[in-house]
Amino acid sequence: MHTNEEIFKRRKKIFYGTMLEFDMLLSKLKVVTENNDLKDKRVGIYNHCLKFYNCIEDLIVLSENNGSIQSLITLNRMIVDNSAILYLLTSHSTKNEQLLRYYLYLFDALKTRSQSLSDFFEKCSGLPPEPIYNNVISALEQDSKDMKQIIEMLTKGGIYDMVDPIIIEKLNWKFKLSKQE
């Protein structure tokens with residue numbers, strides 16, 4: 001019969017061992033993704049894994065320092081969401097469907113960011129300092145270019161025809177059903 005403390009120590013070792021493996025995975029992905037082009041799925045997955053890893057590290061720090069239960073629950077939810085996203089983008093279905101999901105996910109993120117930045121400036125009572133304003137304008141322009149490139153990649157690659165057009169129009173990267181290839 002094991003005590004609760006023994007069980008906790010064993011689970012902690014397993015958890016930290018898993019974190020070491022995840023750290024090695026990130027190191028390998030970083031080498032592959034040095035071009036930093038988000039339209040390259042490997043770069044996007046690497047960045048997503050980094051976000052995922054940071055959530056786990058924050059969870060560790062909070063739990064070791066008796067963080068608030070609400071913060072722990074929120075981080076756990078983020079970890080579950082990131083796990084589901086990672087699964088959909090890398091392991092679920094065919095490679096073409098994964099690529100389609102990735103492009104829709106990326107397009108949705110760019111569109112949401114652009115809309116958030118635009119909404120923020122509309123609600124501001126004046127222009128921010130020039131360097132901030134210029135950075136935001138530059139980001140909006142780059143997002144617009146990237147979204148056009150993603151549409152081109154979707155239509156040229158033939159993966160656009162894999163699903164009902166409404167899925168593309170709604171940027172539904174979480175779609176459940178697709179046409180057979």
Side-chain contact, heavy-atom cut-off 4.5 Å: E97 with F175? yes
Output yes when a side-chain donor or acceptor of N54 lies under 3.5 Å from a complementary backbone atom of L50, and no otherwise. yes
Do Y16 and I60 come within less than 4.5 Å of each other through their side chains, counting heavy atoms only? yes
Roughly how far, to the nearest 0.5 Å, is the OH atom of Y103 from the CD atom of Q149? 10.0 Å
V80 and Y53: same hydrophobic cluster, using ILVMFWY side-chain contacts below 4.5 Å? no
When D119, D146, D143 are each screened for side-chain hydrogen bond (donor to acceptor under 3.5 Å, both in side chains) with S114, the one that passes is D143
Scan residues 128-141 for pairs that pass side-chain hydrogen bond (donor to acceptor under 3.5 Å, both in side chains), counting only residues two or more places apart or in two chains. none
Give a yes or no on whether the backbone of L140 and the side-chain of S144 come within a donor-acceptor separation of less than 3.5 Å. no
Value for CG (L62) from CG (L75), rounded to nearest 0.5 Å, stands at 6.0 Å
Are M147 and I151 packed together at the side-chain level, in the sense that at least one heavy-atom pair is separated by less than 4.5 angstrom? no
Please report the shortest heavy-atom distance between L86 and T90, naming the atom on each side. O-OG1, 2.6 Å
Given the rule in the side-chain contact (heavy atoms from CB on, under 4.5 Å) test, do R113 and L110 qualify, once you have shown the distances and angles that lead to the verdict? CA-CA 5 Å; R113 180 173 76 170; L110 292 169; 4.2 Å; yes
Any chance CZ of F120 has more than 12 other-residue heavy atoms, nucleotides or ligands included, within less than 6.0 Å? no
Can you tell if the side chain of L106 reaches within under 4.5 Å of the side chain of W173, non-hydrogen atoms only? no
Sidechain N-carboxylate O distance under 4.0 Å for E6, R10: no
Is there any salt bridge (Lys or Arg N to Asp or Glu O under 4.0 Å) pair reaching into residues 57-82, and which pairs are they, with sequence neighbours excluded? R77-D81
Say you draw a straight line from OG of S93 to CG of L100; how long is it, rounded to the nearest 0.5 Å? 9.0 Å
Is there side-chain contact between T94 and L99, with at least one heavy-atom pair below 4.5 Å? no
Between Q98 (side chain only) and L88 (backbone N and O only), is there a donor and an acceptor less than 3.5 Å apart? no
Separation between CG (L104) and CG (L154), nearest 0.5 Å, reads 6.0 Å
F107 side, atom CZ; T112 side, atom OG1 - distance, nearest 0.5 Å: 10.0 Å
Please determine whether salt bridge (Lys or Arg N to Asp or Glu O under 4.0 Å) holds for the pair K148 and E152, giving the CA-CA distance in whole Å, both sets of side-chain angles, and the decisive distance to 0.1 Å. CA-CA 6 Å; K148 285 176 186 172; E152 287 175 18; over 6 Å; no
Would you say that more than 12 heavy atoms from the other residues, nucleotides or ligands in this model lie under 6.0 Å from the CD1 of I7, or not? yes
Verify, without hydrogens or angle tests, whether N82 (side chain) and M78 (backbone) share a donor-acceptor contact under 3.5 angstrom. yes
When clusters are formed by joining ILVMFWY residues with side-chain heavy atoms under 4.5 Å apart, either directly or through shared neighbours, do V61 and L59 land in the same one? no
Partners of L20 by side chain to side chain contact (heavy atoms under 4.5 Å, CB included), sequence neighbours excluded? none
Considering the options I167, V163, L89, which one meets the side chain to side chain contact (heavy atoms under 4.5 Å, CB included) requirement together with R101? L89
